[in-house]
Amino acid sequence: MVRGHLTRRGLGLAAGAVALAGTGRARAQDGQGVVARTRSGPVRLSPDGLVLAARGIPYGADTTGRRFQPPIRPERWSAILDAADYGPASPQRGNEPNQSEDCLRLNVWTPDLGGARPVIVYIHGGAYATGSGSSPLTDGARLVAKGDVVVVTVNHRLGSLGYASLARLAPGFEDSGNLGQLDLVLALQWVRDNIAAFGGDPGCVTLVGQSGGGAKIATLMAMPAAAGLFHRAVTMSGQQVTASGPLNATRRAEVWLEALGLTPDRIEAVRTLPVERLIEAAGATDPILGGSLYFGPVLDGRSLTRHPFWPDAAPQSAHIPMMIGNTREETLMFLGGDPANAGLTWDSLPARLTPSQMRIDVAPEEVVAWYRANHPEMGPDQVLIRATTAARSWRAAVIEAEMRAVQGSPAFVYQLDWASRLPNGRAGAYHTSDIPLMLDNVGAEGSGAVGPDAQAMADRMSETLLAFARAGDPNHADLPSWTPYSLERRETMVLDLPPRMENDPRGDERRFFGRIPYVQPGT
């Protein structure tokens, strides 16, 4: 883990944490280190830099024997749990290490076990299919030392294990389409019940998530089971306007079963097949979107009874302060490393603006002509990134901000303009580039935030998150006055050096693509 710059305040807080670790209040009676007493059993914390950490704490029971069933609390333990290592990630495609169905684990960083600090719960991205709460980019130690908060990261079931909608195919699978979301509800119940033992305030919980993590938060905002479990919400380049309808979700499940060689009358086999086969079968072609199968939240009429932001923002979360963010060149992350997208010409560009990239029904020639007429400063390579960002990745953020404004509970909206650098050298404010800045981990492995201004940018953005977690308002001394988003002015904080407030940035692109109906990918 990389530990770099700490503020004077952070150093003082962290030193206090170390001192407190030697007191009787924070030390177990048996003298075996700093131990928090949770409702499931005692948990030993250990130093992480200048703060304390507990990793891999079970908040739910092993799901191996309960596949496609709602999560339950773990059995209580009596011996001290030595929470020194991250717990397993959900089984998934890709290179995520340490995968297991025993994945309902979370991690906690705290200055000490006393007090009642704001709690930040970070939910990882990965489009409901990949990722974990164990990334160096989401390590909580620096944010805790800087801001006197408690940070939690969490793992939950992903892909078909978390979101395959089998309810219409056989009895006994009624909740299978939203298990990943129900896992998160259980994790938030754990926070409510146990975070005070780690020095956190269960009445001041902020959810933060990027990409799929933000979409999971938007979905939780419409889930009755999640009501009252969190008090602020920050979505970073991740939205969920609508969930999958039950019929499309069932069709995806049928394709998945076909890839497993199963028919609905043999569906019980999915409970005992090797998990590797379940993950491999998710690579089948999605019948609605193309590409591999999409598994995400489902309008199942049980845990999710309405769409998160359609036809309006979920009333149950109207009282929750919200911050909605996006990055100016979101799709540079996905398209910028493909050699086929480098050195484009005006003639070759339309073929790259495919429906799978823009996700809306618009003629690519019309898009190219509009950008050439209205943004002559952009070349073909830039237009590819800006058009796909505006058509696909940014639309849902605008819709959610609009719905909150209509509701009378406007969100604080930001756009990241400060450029990070991809491994191939291309620079821009791309998807994921706000993670190390917001969580103050610019020195961590995988961060593209480089250069002499990186830490200064992280200081501004992490203090923004800390201010919001404390008070539900992101304003602080290093930002201009930030007002919530209204339909009249569309106020947006442009995060750059220096930061600035703008009304309706990229408004011409918003209006051009706003003429075309938007459909949430996956629905």
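Since the structure is predicted, the reported quantities are computational estimates derived from the model, not experimental observations.
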Would you give me the side-chain donor-acceptor pairs under 3.5 Å for residues 202-212, sequence neighbours excluded?
residue: Q210; atom: NE2; partner: H431; partner atom: NE2; Å: 3.4
residue: S211; atom: OG; partner: H431; partner atom: NE2; Å: 2.8

Report task. Identify, with sequence neighbours excluded, every residue that meets salt bridge (Lys or Arg N to Asp or Glu O under 4.0 Å) alongside R232. Result -> none
Requested in this report: Could you give me the CA-CA distance, side-chain angles and deciding distance for E330 and S237, then say whether side chain to side chain donor-acceptor pair (under 3.5 Å) is met?
Outcome: CA-CA 8 Å; E330 294 275 6; S237 303; 2.6 Å; yes
Query raised in the report: side chain to side chain contact (heavy atoms under 4.5 Å, CB included) with A222: which residues, sequence neighbours excluded?
Result: L304, R306, P308, A314
Query raised in the report: Taking only residues two or more places apart in sequence or in another chain, which ones pass side chain to side chain contact (heavy atoms under 4.5 Å, CB included) with H307?
Result: T242, A243, L299, W310
**Report entry** Pair listing, ring pair (Phe, Tyr, Trp, His ring centres under 6.0 Å) test, anchored in residues 181-203, at least two apart
**Finding:** W190-F198
Report task. Can you run down the salt bridge (charged side-chain N to carboxylate O under 4.0 Å, His left out) pairs that involve residues 61-71, sequence neighbours left out, and say none if there aren't any? Result -> R67-E101
Query raised in the report: With D473, which residues qualify under salt bridge (Lys or Arg N to Asp or Glu O under 4.0 Å), at least two apart?
Result: none
Query - Set of salt bridge (Lys or Arg N to Asp or Glu O under 4.0 Å) partners for E402, sequence neighbours left out - result: R490
Query raised in the report: Sequence neighbours excluded, which residues qualify as side chain to side chain contact (heavy atoms under 4.5 Å, CB included) partners of S462?
Result: L143, K146, D440
Query raised in the report: For N107, which of D139, D85, T153 qualifies under side-chain hydrogen bond (donor to acceptor under 3.5 Å, both in side chains)?
Result: T153
Report task. Just grab all the ring pair (Phe, Tyr, Trp, His ring centres under 6.0 Å) pairs involving residues 124-153, residues at least two apart or on different chains. Result -> H124-H156, Y128-Y163
Report task. With sequence neighbours excluded, tell me which residues meet ring pair (Phe, Tyr, Trp, His ring centres under 6.0 Å) with Y518. Result -> none
**Report entry** Partners meeting side chain to side chain contact (heavy atoms under 4.5 Å, CB included) with P74 (sequence neighbours left out)
**Finding:** S40, P58, W77
